[in-house]
Every structure is written in structure tokens, then in C-alpha cells.
Amino acid sequence: YVGKICYISIMKKAYIKALKVVRSCNSDAHIMGAYNFIHNFRVNFGNLRGCDELTKKLMEKCALQRKIVQGRSNGAYLD
């Protein structure tokens, strides 16, 4: 039981880190790295309750950031 609580705490820290990774993306290469980070998050924490929901939120945020980055590269600023 204690081990599972520790693992949930680690998942929370990894989720916060993933949010920072996604928000910091400013190129297509960064976006691909963020998707990779999200994939690794799911692989590492997929057996814990709540991981599917958190992964879905991360993917949505990454997709939005991707649109922002692509808009910037096309000369449009969406901020």
C-alpha cells in the first residue's frame, strides 16, 4: 500500500513535468519530444488509476501546443 502511494506521488510529479515539457515547446522537434514524453508517461504509469485521464489531458494540451507552434511557423501568432 505504501509503495503504491509513493508511485502515485511520482506519477503526479511526472505529470507536472510533462505539462512543463508541453508548454515549453516552440518547434516541431520539441512537439515530437513532448509526445514521446507523454508516451513514456503512459508506459510507466499505465497500471495506476487516473493515468488514462491524465494521458488524455496531456495529449489534448500537446495537440493545442502543436497548433500554436505550427501557426507561429506560418507567420500567424495565436497567443
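One-based numbering along the sequence shown.
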Original post:
How far does CD1 of I38 sit from CD of E60, to the nearest 0.5 angstrom?
Top reply: 10.5 Å

Subject >> Residue pairs involving residues 10-19 (criterion side-chain hydrogen bond (donor to acceptor under 3.5 Å, both in side chains); sequence neighbours excluded) >> reply: none

**OP:** Of all the heavy-atom pairs spanning A34 and V22, show the shortest one and how long it is.
**Re:** CB-CG2, 4.1 Å

**OP:** Specify the closest pair of heavy atoms between Q65 and R23, including all atoms of both residues, with the distance to one decimal.
**Re:** NE2-O, 3.8 Å

Subject >> Closest contact, heavy atoms only, S24 versus H30 >> reply: O-ND1, 4.2 Å

Subject >> Which atom of I31 lies closest to which atom of C25, heavy atoms considered >> reply: CD1-CB, 3.6 Å

Original post:
In the single-linkage hydrophobic clustering (I, L, V, M, F, W, Y; side-chain heavy atoms under 4.5 Å), do V69 and V21 co-cluster?
Top reply: no

**OP:** Rounded to the nearest 0.5 Å, what's the gap from CG on N40 to CG on N36? Could you check?
**Re:** 5.5 Å

**OP:** Step by step, work out the side chain to side chain contact (heavy atoms under 4.5 Å, CB included) result for I8 and R49.
**Re:** CA-CA 9 Å; I8 290 170; R49 188 171 26 143; over 6 Å; no

Original post:
Which heavy atom in M11 sits nearest to a heavy atom in L54, and how many Å separate them?
Top reply: CE-CD1, 3.9 Å

Original post:
Considering all heavy atoms of both residues, which atom of L19 and which atom of L58 are nearest to each other, and what is their separation?
Top reply: CD2-CD2, 3.8 Å

Subject >> Pairing residues for K57 by the salt bridge (Lys or Arg N to Asp or Glu O under 4.0 Å) criterion, not counting sequence neighbours >> reply: E53

Original post:
Pairs in or reaching into residues 40-70: which pass ring-ring contact (aromatic ring centres under 6.0 Å, His included), with residues at least two apart or in two chains?
Top reply: Y7-F45, F41-F45

**OP:** Measure the OG-CE distance between S27 and M32 for me, rounded to the nearest 0.5 Å.
**Re:** 11.0 Å

